[in-house]
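All values below come from the heavy atoms of this structure, side chains included, with hydrogens, waters and symmetry mates left out. In the text below, chain A, chain B and the rest are named by the order of the sequence lines, each starting its count at 1.
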2 protein chains.
Amino acid sequence: MNNITSNHYNLDKCNNCPVRDLSFCNALDNGALEEFSALSKTKSFQDGQLIFSEGKTNEYLGSVILGIVKIYKLLDDGRQQIVSLGFPGDMLGNIIDSEYNYFAESVGDTKICFYQVARINNFAESNPAIYRSILGKTTEQLGHAREWLLLLGRKTAQEKIASFLLLLAEHHKGDSPNQAFKIPLKRQEIADFLGLTIETVSRHFSNLKSKQLIREYAGHMLTIVDYDQLKSLA
Amino acid sequence: MNNITSNHYNLDKCNNCPVRDLSFCNALDNGALEEFSALSKTKSFQDGQLIFSEGKTNEYLGSVILGIVKIYKLLDDGRQQIVSLGFPGDMLGNIIDSEYNYFAESVGDTKICFYQVARINNFAESNPAIYRSILGKTTEQLGHAREWLLLLGRKTAQEKIASFLLLLAEHHKGDSPNQAFKIPLKRQEIADFLGLTIETVSRHFSNLKSKQLIREYAGHMLTIVDYDQLKSLA
DNA sequence: CGTACATTTGATTTGAATCAACGTTGGTGG
DNA sequence: CCACCAACGTTGATTCAAATCAAATGTACG
């Protein structure tokens, strides 16, 4: 975690924070937030930077401000499974465990707001509401993880791809239904998220394209042409 | 949830509770526990009883006292995935969501201690420590769920079976290493937990038996003969 | 003791992995 | 500006692990 403590960092005021209403800190009233924000440090990452590693001391709790963070686990022989994607507003890590038990890596340009776990616990003594808020985020993540257990255990490759595209589309809900968006992950990352190989992912993308359910241009911009039919596949 | 509210129930004192040190209520001091315990109702279930259903109002938080509870999700066509096994001391449900988003069913004879979610929130106003404790249990479950994502997404059938047997063995840690224990799940349930079919589960059990890594008698009693080698397969 | 259910085992199929080229994209330096 | 190269992605041929289909056997229980 040297890269977090050692670097230049911004002490953004929460007032300007783009995820103020989404992050776990949103439960705090203005006075408490003022105090809490003083504990935070933001840090930026470029594509593919390691944010923390399995086995290292759990020193920081993070909140994704910008970009995407992939959380993954590894088997001894290098097989990888992405167990979560952290979008803006999502919490990173926890304040319970003594060690991280997975790896976190930035996907594209990413900005994260960090708090020291010890400071959060200290803060909580006078502001216990923060626990309820962290509990909310943790429960949400548990829900997502269990949804993904169903996907990995019981869905076919086609259903997995369709579900994945709908998940991405969910994060562009503000836009019009058929709005194009950038697929943030490489094929290998999609494979590692869905428990597949790159080839299988590629084949099923081609499939959906030939069926005119989706369109892809400029290499990574995607339009969902037939949302309802995609949903029925997922 | 009629079966919880309507039935005869015991008002066990926490002092006699066999999972007092494991449950989320263990964070409370004696005074608070006294008050908290008054909110609880215990209920017993026989094998295969539905405890709660996806889509129903999230009214109760539970704590498993005895037996095992399987938490599962279903696809439209009936495909099932067990997303968690609740052992004694494990928390059941959450206090955040408005609805249950999975099914819970007893496996064998089971006893559960229930608290109304509304009452917990009310209790928390004067005892915020309960949130920290529930957070601990939730974080633990998230860790288990992510471990299982790796298993479902990236492990082979043999590795899945080996991991499953070691998981069961973990829950008999007090016993000697090669102590026989009862496999609490039917083959179909094991399959639904590991994202496999009954036939594949059966074949790999036979495999491990012929390799002398495990032994099974009386239909469902299991001994792990070679713990280390089983571990190397998982 | 018989019926229903659970489990095992065998034969076959199949969806996804693997192996193997080939195409595309984007960055670098001549 | 283009040639080169490395990383990424697609497509095809083949293999393989697990699913499916199909009996047969084992077990629990009224």
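- Between A:Lys160 atom NZ and C:dA16 atom P the separation is 8 Å, expressed in whole Å.
- Between A:Thr197 and C:dA17 there is a side-chain polar atom (N or O) within less than 4.0 angstrom of OP1 or OP2.
- Atom CG in A:Asp47 sits roughly 14 Å away from atom P in C:dG26 (whole-Å rounding).
- Residue B:Thr200 places at least one side-chain N or O under 4.0 Å from the OP1 or OP2 atom of D:dA19.
- Nearer the 5' end of DNA chain C, as judged by each residue's closest nucleotide, is the contact made by B:Glu216, out of A:His204 and B:Glu216.
- Spacing between atom CD1 of B:Ile183 and atom C1' of D:dT27 amounts to 15 Å, rounded to whole angstrom units.
- Using a 30° and 60° split on the angle between ring planes, B:Tyr102 and B:Phe52 fall in the tilted class, from 30° to 60°.
- In this structure, B:Lys231 fails the cation-pi test against B:Tyr227, since its NZ or CZ atom is not both closer than 6.0 Å to the six-membered ring centre and inside 45 degrees of the ring normal.
- Residues forming a side chain to side chain contact (heavy atoms under 4.5 Å, CB included) with B:Gln212 (at least two apart in sequence, or on another chain): B:Arg215.
- For the contact set between residues 205-213 of chain B and DNA chain C, defined by any heavy atom under 4.0 Å, the members are B:Ser206, B:Lys209.
- Applying the 3.5 Å distance criterion, the base of C:dC5 shares no donor-acceptor pair with the side chain of B:Gln188.
- A donor-acceptor pair shorter than 3.5 Å can be found between the side chains of A:Arg146 and B:Gln141.
- Distance, A:Lys186 NZ to D:dA6 C1': 13 Å, rounded to whole Å.
- Taking side-chain N and O atoms only, A:Arg187 has a distance below 4.0 Å to OP1 or OP2 of D:dT10.
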Pair A:Tyr115-A:Phe24, ring pair (Phe, Tyr, Trp, His ring centres under 6.0 Å): steps then yes or no: CA-CA 12 Å; A:Tyr115 296 84; A:Phe24 65 85; 5.8 Å; yes
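- Residue-level contact check: B:Ile198 touches neither bases nor backbone, having no heavy atom under 4.0 Å from any strand.
- Nearest-nucleotide positions on DNA chain D place A:Val201 closer to the 5' end than the other of B:Val201 and A:Val201.
- C:dT18 atom P lies 9 Å from atom CZ of B:Arg154, rounded to whole Å.
- Under a 3.5 Å cut-off, the side chain of A:Asn94 and the backbone N or O of A:Asp97 do form a donor-acceptor pair.
- A donor-acceptor contact under 3.5 Å is not formed by the side chain of A:Arg203 with the base of D:dG9.
- Residue A:Glu189 contributes atom CD, which lies 9 Å from atom P of D:dC8 at whole-angstrom precision.
- Rounded to an integer number of Å, the gap from B:Glu159 CD to D:dA18 C1' is 14 Å.
- The distance from atom CG of B:Leu194 to atom P of D:dA18 is 12 Å, rounded to the nearest whole Å.
- Between B:Phe164 and B:Phe205, the ring centre distance reaches or exceeds 6.0 Å.
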